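Following: one structure in structure tokens, then a few remarks.
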Amino acid sequence: MTSRDVTKDAEDSGPGGYAAARLRLLTEGARSGPPRRAALAELTDEWLAGLFAAGAGTLRSVSLVAVGGYGRGELSPRSDLDLLLLHDGGDDKAVAALADRLWYPVWDLGLALDHSVRTPAEARKTAGEDLKVQLGLLDARHLAGDLGLTASLRTTVLADWRNQAPKRLPELRDLCAERAERQGELQFLLEPDLKEARGGLRDATALRAVAASWLADAPREGLAAARRRLLDARDALHLATGRATDRLALQEQDQVAAELGLLDADALLRQVYEAARVISYAGDVTWREVGRVLRARSVRPRLRALLGGGKPVPERSPLAEGVVEQDGEVVLARTARPERDPVLPLRAAAAAAQAGLPLSRHAVRHLAATAGPLPVPWPAEAREQLVTLLGSGRPTVQVWEALEAEGLITRLLPDWERVRCRPQRNAVHVWTVDRHLIETAVRAAGFARRVHRPDLLLVAALLHDIGKGWPGDHSVAGETIARDVAARIGFDRADAAVLATLVRHHLLLVETATRRDLDDPATVRAVAEAVGTEGTLELLHALTEADALATGPAAWSSWRDSLVADLVKRVSSVLAGDPPAEPEADAPTAEQERLAVEAFRTGGPVLALRAQTEPPAGPVPSADPEPLGVELLIAVPDQPGVLPAVAGVLAVHRLTVRTAELRSLPLPDGVDGSVLLLDWRVAAEYGSLPQVTRLRADLGRALDGTLDIAARLAERDAAYPRRRGVAPPPPRVTVAPAASRLATVIEVRAQDAPGLLFRLGRALEGAGVRVRSAHVSTLGANAVDAFYVTGGGGAPLPVEEAASVARGLEEVLRA
């Protein structure tokens with residue numbers, strides 16, 4: 001069906017015909033994207049023109065005008081209709097009647113309508129008072145009635161916009177910045193707002209407004225295509241949801257991707273991110289140009305007076321060979337010859353980052369078009385300039401983005417293409433893979449004085465997640481890529497081996513520290529063997545912290561910092577030649593012995609809370625440190641069910657368990673029997689800690705069966721249901737091979753939830769194993785818990801029994 005046929009149907013049958021023709025247009029598979037948007041606008045134009053003609057009667061000086069997105073002819077399936085009824089003020093009653101004849105049919109069809117009725121003078125006055133109204137009028141398009149009235153308004157509004165640009169453009173820039181602060185950056189969000197977030201459709205419209213001012217212009221390359229991709233995604237989102245929404249929610253991304261013919265939700269997000277990146281970069285360049293023009297206008301009269309009317313010559317300050325600063329940007333010197341100087345792109349980028357200045361877009365484009373390829377391996381200067389760029393701190397980000405915008409990064413590092421704009425479907429991560437790598441380098445630059453080889457630290461930070469563009473374990477894939485890249489950029493074989501080790505084991509320290517028993521010699525030896533040297537350990541420690549800080553606020557804390565520092569201290573001792581001490585049965589402290597005796601005497605649990613007061617070992621993170629919580633000591637007469645009972649009571653009282661250790665204490669003075677001692681680190685989810693007397697009373701009731709913990713947790717879940725979202729991946733339970741010779745280590749990865757440790761403890765008790773210690777780690781919505789378990793005799797479990805216990809835990813979590 002052609003758009004002429006669709007329009008004829010609408011004309012023939014009135015609003016009902018329009019609705020039917022609109023539905024056919026939106027559901028036919030042949031058209032999508034710009035053709036469908038244009039056809040929908042044309043169909044709506046004809047329908048509204050028919051309504052106007054039927055209601056205008058003898059009115060002459062009146063016109064119907066489309067503004068905003070509709071004025072641009074860009075109607076998505078659920079877009080608002082932005083309409084202005086323009087009149088000369090002659091017959092208000094007739095104009096009001098015409099307005100009713102126009103607005104009510106639109107409302108009757110359930111279409112969203114943004115409408116106004118104004119004279120040209122009123123429209124102009126409102127635009128002068130409200131920037132959003134003025135932006136909408138810049139796209140005014142005549143639909144019906146007096147064409148001269150519409151044309152006159154357009155001319156006047158555009159003239160006002162250009163005359164007022166020095167005042168209104170800073171206002172528009174502030175509006176864009178405020179919206180970005182509120183909505184975030186489209187190119188990094190897992191559930192982005194396609195319209196409001198930075199780099200979205202509103203920013204693209206703002207760039208059109210800047211161009212209309214004739215004061216500055218946005219880079220044109222790729223901008224129209226980026227805007228079209230976002231509009232296509234919004235169309236598909238409207239069709240998938242049946243709602244006028246701009247937020248690309250997780251649960252709708254696969255359907256939107258299918259609507260667009262993309263492979264999956266990741267392909268959709270990557271396409272959206274790429275479009276947003278183009279618009280964001282165009283915005284950065286454009287607003288810098290606006291600022292430069294406005295500054296020049298403000299000083300030009302004074303300069304003319306000083307120079308007798310002559311044209312001022314911009315000052316150029318040298319920064320590096322072939323690189324100068326001019327008017328607040330880094331540009332190429334007039335004598336620069338990129339075709340003969342392949343290191344120039346990196347030298348210019350490093351100079352810009354070191355000076356804290358943006359790299360001129362024109363300079364980057366010229367470098368991309370003319371600079372020759374670097375020889376392989378790179379010369380020493382190129383490698384040094386890359387390290388300088390990475391070590392410049394926060395200014396590195398904007399310079400790197402400028403190089404990426406013109407394809408220079410992928411040319412320098414071909415493996416970068418696989419991680420560029422790649423989403424990370426983990427709520428802990430706040431960046432895409434490529435931006436996370438740069439953020440890690442920025443964080444690592446702050447640790448350059450802590451290590452002997454800052455160059456290796458910075459390059460490892462840049463490459464540590466480079467394997468995420470490949471299938472399988474990204475650390476394994478990244479090790480191979482890192483070795484190749486190191487050779488490409490000119491590191492010798494020994495340094496390449498260190499970089500490969502850092503990338504392969506960049507998660508080793510934090511995962512071991514939070515999931516393994518550091519008192520077990522096997523744990524420390526395994527890390528020492530993987531790292532190899534004290535120099536590599538020093539680098540890995542700094543990389544671990546930089547990686548976590550660059551991941552997001554949930555990935556690093558004082559608690560993790562102290563655990564990692566403790567592990568590094570132990571491994572460093574082993575690498576220096578001191579073998580880890582074999583664990584001995586620690587003699588109970590006076591407090592532990594007192595608690596044990598009281599627990600045996602009373603036949604019930606005894607508790608003690610002790611606040612964590614000592615500062616964490618190692619460097620303190622720059623962010624506000626997360627409290628370490630308190631130490632909870634519990635002594636209970638040895639009996640079944642202690643672990644799930646304690647975990648359940650803590651869950652009921654909304655206490656988060658950080659670490660948990662359990663051991664049996666013999667009673668003193670030959671008293672027959674034993675007491676189970678639990679030494680746990682806990683913290684309140686919110687509010688203050690409960691009183692010890694309440695915890696003790698509830699724990700006693702849980703142990704004697706009068707407190708139904710499962711029921712209490714179920715009640716709480718029913719009272720405060722969790723918000724629906726995307727179904728989490730299934731839980732995974734594995735037996736860690738050769739992790740300890742003292743116990744079997746069972747590792748659980750699952751969606752975090754209240755009472756998870758209670759359920760796991762109950763399942764382990766049901767399997768007939770004893771839990772020697774538990775190491776609990778939560779990252780965002782993901783729980784990663786490791787349990788050191790033994791059989792009844794205190795020995796590690798046989799292989800088959802361990803596998804059976806792991807399968808049982810997985811079944812419990814899936815239920």
Side-chain angles (χ1 to χ4, degrees), residues 443-444 446-454 456-457 460-461 464 498 501-502 504-549 555-587 589 610 612-623 625-629 631 658-661 679-681 736 739-743 745 772-777 786 788:
R443 295 286 189 168
F447 302 148
R449 303 295 184 268
R450 271 173 48 180
V451 298
H452 290 88
R453 290 293 303 273
L456 295 181
L457 172 62
H464 75 277
V498 172
T501 299
L502 293 173
R504 173 67 180 87
H505 296 298
H506 69 273
L507 297 174
L508 177 65
L509 295 182
V510 71
E511 288 187 346
T512 302
T514 56
R515 303 175 195 174
R516 294 292 181 263
D517 182 358
L518 302 191
D519 289 325
D520 189 335
T523 298
V524 179
R525 284 198 189 96
V527 175
E529 288 172 4
V531 173
T533 68
E534 291 187 78
T536 304
L537 178 65
E538 176 190 69
L539 291 168
L540 189 60
H541 188 189
L543 176 61
T544 298
E545 186 171 348
D547 181 19
L549 291 171
W556 195 245
S557 63
S558 299
W559 169 66
R560 287 190 173 86
D561 179 61
S562 64
L563 291 177
V564 170
D566 183 22
L567 173 60
V568 168
K569 181 179 178 182
R570 294 170 187 249
V571 174
S572 180
S573 178
V574 170
L575 291 173
D578 300 326
E582 293 293 328
E584 299 177 0
D586 294 335
T589 64
R610 184 169 58 214
Q612 172 73 24
T613 56
E614 67 272 12
V620 178
S622 57
E626 178 185 326
L628 291 179
E631 185 179 14
R658 297 272 174 72
T659 60
E661 185 174 331
D679 187 353
W680 288 16
R681 183 79 61 192
S740 171
R741 62 183 181 80
L742 305 174
V745 180
R772 181 174 177 268
S773 65
H775 302 267
V776 180
S777 178
Y788 280 66

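Counting from 1, the numbers follow the sequence of the chain as shown. Just so you know, these numbers come straight off a predicted model, no measurement behind them.
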- Item | Residue pairs passing the ring-ring contact (aromatic ring centres under 6.0 Å, His included) test where at least one lies in residues 509-528, sequence neighbours excluded | none
- Where is the tightest heavy-atom contact between L575 and G532, given as atom of each residue plus distance? CD2-O, 3.7 Å
- Item | Any residue meeting side-chain contact (heavy atoms from CB on, under 4.5 Å) with A546, in chain and number order, not counting sequence neighbours | T440, R443, A444, F447
- Which atoms form the tightest heavy-atom contact between V745 and S740, and what is the distance? CG2-CB, 4.2 Å
- Any chance you could measure R453, atom CZ, to E538, atom CD, to the nearest 0.5 Å? 11.0 Å
- Note on the structure: To the nearest 0.5 Å, atom CZ of R525 lies from atom CZ of R741 at 7.0 Å
- Task: Grab the two heavy atoms, one from A736 and one from R516, that are nearest each other, plus how far apart they are.
- Result: CB-NH2, 3.4 Å
- Note on the structure: With sequence neighbours left out, the residues meeting salt bridge (Lys or Arg N to Asp or Glu O under 4.0 Å) with R570 are D519, D566
- When rounded to the nearest 0.5 angstrom, what distance separates CG in L502 from OG1 in T544? 9.0 Å
- Query: Looking at side-chain heavy atoms only, is the closest gap between L543 and L457 below 4.5 Å?
  - Reply: yes
- Query: Measuring from L540:CG to E534:CD, what's the distance to the nearest 0.5 Å?
  - Reply: 13.5 Å
- Is there any ring-ring contact (aromatic ring centres under 6.0 Å, His included) pair reaching into residues 505-539, and which pairs are they, with sequence neighbours excluded? H464-H506, H474-H506
- Note on the structure: Minimal heavy-atom distance between A542 and V451, with the atoms involved, is CB-CG1, 3.9 Å
- Of all residues at least two apart in sequence or in a different chain, which pass the salt bridge (Lys or Arg N to Asp or Glu O under 4.0 Å) check with E511? R515
- Item | Partners meeting salt bridge (Lys or Arg N to Asp or Glu O under 4.0 Å) with D517 (sequence neighbours left out) | R772
- Message: To the nearest 0.5 Å, what is the distance between CG on L509 and CG on L567?
- Response: 5.5 Å
- Hey, could you give me the NE2/CG distance between H541 and L539, rounded to the nearest 0.5 Å? 11.5 Å
- Message: Could you report the tightest heavy-atom contact between V531 and T501, atom names first, then the distance?
- Response: O-CG2, 4.2 Å
- Would you name the heavy atoms of A513 and L518 that are closest together and state the gap between them? CA-CD2, 4.1 Å
- Task: For the residue pair V510 and R560, establish whether any side-chain heavy-atom pair is separated by less than 4.5 Å.
- Result: yes
- Student check: side-chain heavy atoms of L507 and D547 closer than 4.5 Å: yes
